[in-house]
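Only one structure is covered here, and it is reproduced in the block below.
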There are 4 protein chains.
Amino acid sequence: MKAANKHTKIIHAATKVFAKKGFFNARISDIAKEAKVADGTIYLYFNNKFDILISVFEEEIGALIEQVKKLLSTEDDPRKMIEIFTRNHLSVMKKNKHLAEVIQIELRQSAKLIKDYRNNKFSEYVDIISSIIKLGQERSIYRATIRPGIAKRAFFGALDEISRVWTVGIATDYTVEEATQQILDIFLCGILEPDAPCL
Amino acid sequence: MKAANKHTKIIHAATKVFAKKGFFNARISDIAKEAKVADGTIYLYFNNKFDILISVFEEEIGALIEQVKKLLSTEDDPRKMIEIFTRNHLSVMKKNKHLAEVIQIELRQSAKLIKDYRNNKFSEYVDIISSIIKLGQERSIYRATIRPGIAKRAFFGALDEISRVWTVGIATDYTVEEATQQILDIFLCGILEPDAPCL
Amino acid sequence: MKAANKHTKIIHAATKVFAKKGFFNARISDIAKEAKVADGTIYLYFNNKFDILISVFEEEIGALIEQVKKLLSTEDDPRKMIEIFTRNHLSVMKKNKHLAEVIQIELRQSAKLIKDYRNNKFSEYVDIISSIIKLGQERSIYRATIRPGIAKRAFFGALDEISRVWTVGIATDYTVEEATQQILDIFLCGILEPDAPCL
Amino acid sequence: MKAANKHTKIIHAATKVFAKKGFFNARISDIAKEAKVADGTIYLYFNNKFDILISVFEEEIGALIEQVKKLLSTEDDPRKMIEIFTRNHLSVMKKNKHLAEVIQIELRQSAKLIKDYRNNKFSEYVDIISSIIKLGQERSIYRATIRPGIAKRAFFGALDEISRVWTVGIATDYTVEEATQQILDIFLCGILEPDAPCL
DNA sequence: AATGAATGAGCATTCATTCAT
DNA sequence: TATGAATGAATGCTCATTCAT
């Protein structure tokens with residue numbers, strides 16, 4: 001992954017280091033070394049350590065949002081859209097372990113770490129799920145009794161926990177495809193209208 | 001909550017402090033003050049700061065396991081069992097915010113914090129879900145294609161993310177009962193055999 | 001000078017180190033080493049580096065005030081009182097070089113270093129001079145046209161600059177007694193020949 | 001104040017910045033910004049930060065010396081000469097606050113800051129006072145018992161401390177003229193009533 | 001068992017200085 | 001000459017842990 005400029009280079013380095021050591025155990029000098037810049041250089045691009053973490057969230061999740069939105073733009077069926085979201089999320093998490101770790105672990109602490117920080121990008125990402133559900137409800141494909149605001153969390157939580165297996169390195173393993181099929185099997189067939197066929 | 005002895009008193013104090021500040025921002029002196037003991041006293045009961053966190057996990061989740069197992073022991077229907085697990089988990093998380101925070105946030109970091117620590121108690125807790133699913137499959141109530149090892153994670157992840165709303169304090173709110181109904185609606189009706197009736 | 005307790009021990013060590021290196025070049029570890037305590041110990045007694053400097057001022061000048069007030073209490077003649085103040089100030093500054101340096105150099109910067117810090121003790125010390133002048137004016141020994149608020153500064157400034165020779169280590173040297181006589185001669189009688197008219 | 005060249009521009013900028021923040025809190029980038037040049041440009045004209053401070057002393061005090069020497073050249077009476085020196089010093093210090101701060105505060109630290117630096121210009125300035133006193137003694141206007149080397153310090157110290165009121169911004173205020181009159185009154189004639197005996 | 005004063009290792013951040021352009 | 005991005009050494013302060021009492 002070639003870094004276009006130093007800002008990006010540092011973001012990628014930080015993602016890697018935060019993933020490996022966690023935010024608190026990560027040293028600025030670790031990030032600097034990983035990015036092959038001097039410690040002080042980091043402060044030309046970021047205000048402080050927290051700022052680096054926030055930037056990692058914003059930029060990495062921002063890219064994820066762009067990617068999945070692009071994929072979704074070619075599809076119209078809410079069932080297929082859920083499938084696309086699922087497969088994309090799981091495969092990115094399996095491939096990009098560093099990003100996965102940061103989202104699964106560091107993102108969770110962020111509210112506690114940084115006063116008044118709202119993970120807007122993260123909310124935006126999860127809201128893609130609820131928007132798909134709402135679309136499906138408008139077209140009578142998804143049951144009207146499902147509350148999108150709750151279902152989006154249930155669904156994201158399921159994906160998140162499922163994909164943790166790959167980062168934590170638990171023995172029990174499964175492929176992205178197996179996980180996708182299971183998730184869809186459980187979730188889709190659950191929220192479908194009784195007469196809407198499962199995929 | 002009256003503490004039987006100093007060990008328990010410290011565990012409860014630590015749960016509260018870790019929940020409020022997070023493991024890294026929590027100071028031993030904070031825990032000592034909360035437990036109304038001297039800083040040094042903590043080291044008579046625990047080896048180090050990590051040891052306190054591990055003990056919090058083991059004891060608090062241990063109690064949770066006891067509680068839910070007791071509730072489940074009076075029930076035989078796998079559908080009801082899933083409902084009991086769900087309602088219990090969500091209501092404990094809503095009531096005991098400190099425990100909720102520690103499970104949702106600190107537990108996730110634990111592997112990174114403490115080399116070679118396996119959250120055995122946590123695994124035991126999540127495995128209750130897969131054992132219920134297996135039971136349902138044996139009785140042909142849950143579909144045989146569902147993989148319990150994946151489904152347990154999907155289900156726990158859903159519960160976990162759903163209940164995070166209460167600790168993070170997001171505006172969108174719902175009651176334990178609403179959340180329970182939605183979770184069951186989505187999850188149960190999804191994993192049931194085609195001819196097994198939803199609750 | 002035996003230190004009664006750690007607080008005093010650190011104050012004395014800091015006076016010495018600030019005198020030798022100046023506030024900014026003084027390292028906390030220098031003070032700690034000089035006081036024979038650990039770096040962290042200093043923070044059990046002081047809030048921060050500035051706080052140490054302020055404490056040095058307050059305590060060292062406080063002691064100086066006590067000392068000179070005690071000496072003055074036995075004297076009633078405003079001429080003798082000025083003499084006592086002068087001789088005491090000059091001899092303390094010549095003997096206690098560290099204190100002299102801190103007063104002459106670091107005290108001057110203090111307003112710039114520490115926002116909203118008023119050297120109350122220092123003002124109190126200089127005000128002893130104006131109170132002697134006022135006493136002399138009441139008794140018609142000192143001229144009524146002299147403004148005590150200006151004269152106190154002129155007098156203290158003269159003493160201060162005179163005594164700097166000893167700390168800076170300028171070649172031109174004179175004894176405390178010589179300096180005292182000259183100061184009194186100039187300040188009390190002026191530098192004019194008896195029959196030369198003032199301007 | 002139009003700067004003839006960059007060297008002078010930087011000197012003036014540095015005087016201002018050192019006055020405002022003090023030498024240690026002043027950053028090279030502050031001076032560069034004030035002088036409207038790049039940080040690196042400063043190093044084309046000065047060796048290091050200390051060098052800038054020394055240059056400030058030399059050039060600003062050098063100008064002060066030129067100015068007062070020119071004023072004194074038209075006067076022959078040692079009493080008038082002391083008056084001219086006093087009024088000039090006080091009025092420059094009241095007008096040029098930046099220079100005043102640098103002389104009153106930063107100059108004092110200079111020996112500690114810069115190894116082996118002798119403020120030659122400063123000595124030259126203060127020696128003007130002793131040369132006036134010597135002149136007065138030759139003409140039997142000033143008493144022969146006065147030691148010019150001590151009196152020059154006493155006199156400069158008085159002026160310095162008197163003028164500090166204006167830079168520090170103490171409530172008690174007086175005009176240049178009031179201060180000049182008081183200084184001359186005290187120094188030339190002493191503070192005693194005409195018929196009160198000196199000690 | 002209990003205390004809490006003392007320790008000292010460890011790190012985010014700053015900023016004078018350099019140097020490629 | 002002039003620039004300003006990059007460097008990396010340097011340090012105030014925190015806090016987990018120890019240990020004399």
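Just so it is clear: chains get the letters A, B, ... in the order the sequence lines come, proteins before strands, and each one is counted from 1.
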In terms of the angle between their ring planes, are B:Phe18 and B:Phe23 parallel, tilted or perpendicular, with boundaries placed at 30° and 60°?
-> tilted
Tell me yes or no: between the side chains of B:Gln104 and B:Glu101, is some donor less than 3.5 Å from an acceptor?
-> no
Whole angstrom is fine here: how far is it from CZ in C:Phe18 over to C1' in F:dG12?
-> 12 Å
On DNA chain E, check which nucleotide each of B:Gly40 and D:Gly40 is closest to and give me the residue with the more 5' one.
-> B:Gly40
Closest of E:dT7, E:dT3, F:dG8 to the A:Ala38 side chain is F:dG8
For E:dT3, take OP1 and OP2 only and decide whether either is under 4.0 Å from a side-chain N or O of B:Tyr43.
-> no
Go ahead and name the base partner of E:dT21; Watson-Crick or wobble counts if both distances stay under 3.5 Å, otherwise write none.
-> F:dA2
Look at the side chain of C:Asn48 and decide which nucleotide, out of F:dC13, F:dA2, F:dT7, has an atom nearest to it.
-> F:dC13
Is the backbone of B:Asp51 close enough, under 3.5 Å, to the side chain of B:Ser55 for a donor and an acceptor to pair up by distance?
-> yes
Donor-acceptor pair between B:His12 and B:Glu34 side chains, under 3.5 angstrom = no
Under a 4.0 Å heavy-atom cutoff, the residues of residues 50-57 of chain B touching DNA chain F are none
Answer yes if the side chains of A:Ser123 and A:Asn120 hold a donor-acceptor pair under 3.5 Å, and no otherwise.
-> no
Distance test, side-chain N/O of C:Lys6 to OP1/OP2 of E:dA6, below 4.0 Å | yes
F:dC15 phosphate, OP1 or OP2: any side-chain N/O from B:Lys49 under 4.0 angstrom?
-> no
When you match B:Asn47 and C:Ala26 each to their closest nucleotide on DNA chain F, which lands nearer the 5' end?
-> C:Ala26
Which is it for B:Asp160 and B:Arg108 under the salt bridge (charged side-chain N to carboxylate O under 4.0 Å, His left out) test, yes or no, and what are the steps along the way?
-> CA-CA 12 Å; B:Asp160 192 48; B:Arg108 290 234 170 167; 3.6 Å; yes
Nucleotide of F:dT3, F:dA5, F:dA2 approaching D:Tyr45 most closely (side-chain heavy atoms) = F:dA2
Quick note, D:Arg27 side chain, CB onward, closest among F:dC15, E:dA16, E:dA1 is E:dA16
Taken to the nearest whole Å, NZ/C:Lys33 to C1'/F:dG12 is 16 Å
Rounded interatomic separation in angstrom, taking CG from C:Asn25 and P from F:dG12 | 10 Å
Should the pair A:Lys121-A:Glu58 be classified as a salt bridge under the 4.0 Å nitrogen-to-oxygen rule?
-> no
Taking only Lys NZ, Arg NE, NH1 and NH2, and the carboxylate oxygens of Asp or Glu, determine whether B:Asp30 and B:Arg27 approach each other closer than 4.0 Å.
-> yes
Just how far, in rounded Å, is C1' of E:dA2 from NE2 of B:His7?
-> 17 Å
A:Thr41 or C:Ile42, whichever maps to the more 5' nucleotide of DNA chain E = C:Ile42
Watson-Crick or G-U counterpart of E:dA12, or none if no pair lies under 3.5 Å | F:dT11
In whole Å, what is the span from the CD1 atom of C:Ile10 to the C1' atom of E:dA6?
-> 11 Å
Spacing of B:Lys9 atom NZ relative to E:dA1 atom C1', expressed in whole Å | 13 Å
Between B:Phe24 and C:Ile28, who's closer to the 5' end of DNA chain F by nearest nucleotide?
-> C:Ile28
How close or far is atom P of E:dC15 from atom CG of D:Asp30, stated in whole angstroms?
-> 8 Å
Could you state the atom-to-atom distance from CG of C:Leu44 to P of F:dT17 in whole Å?
-> 18 Å
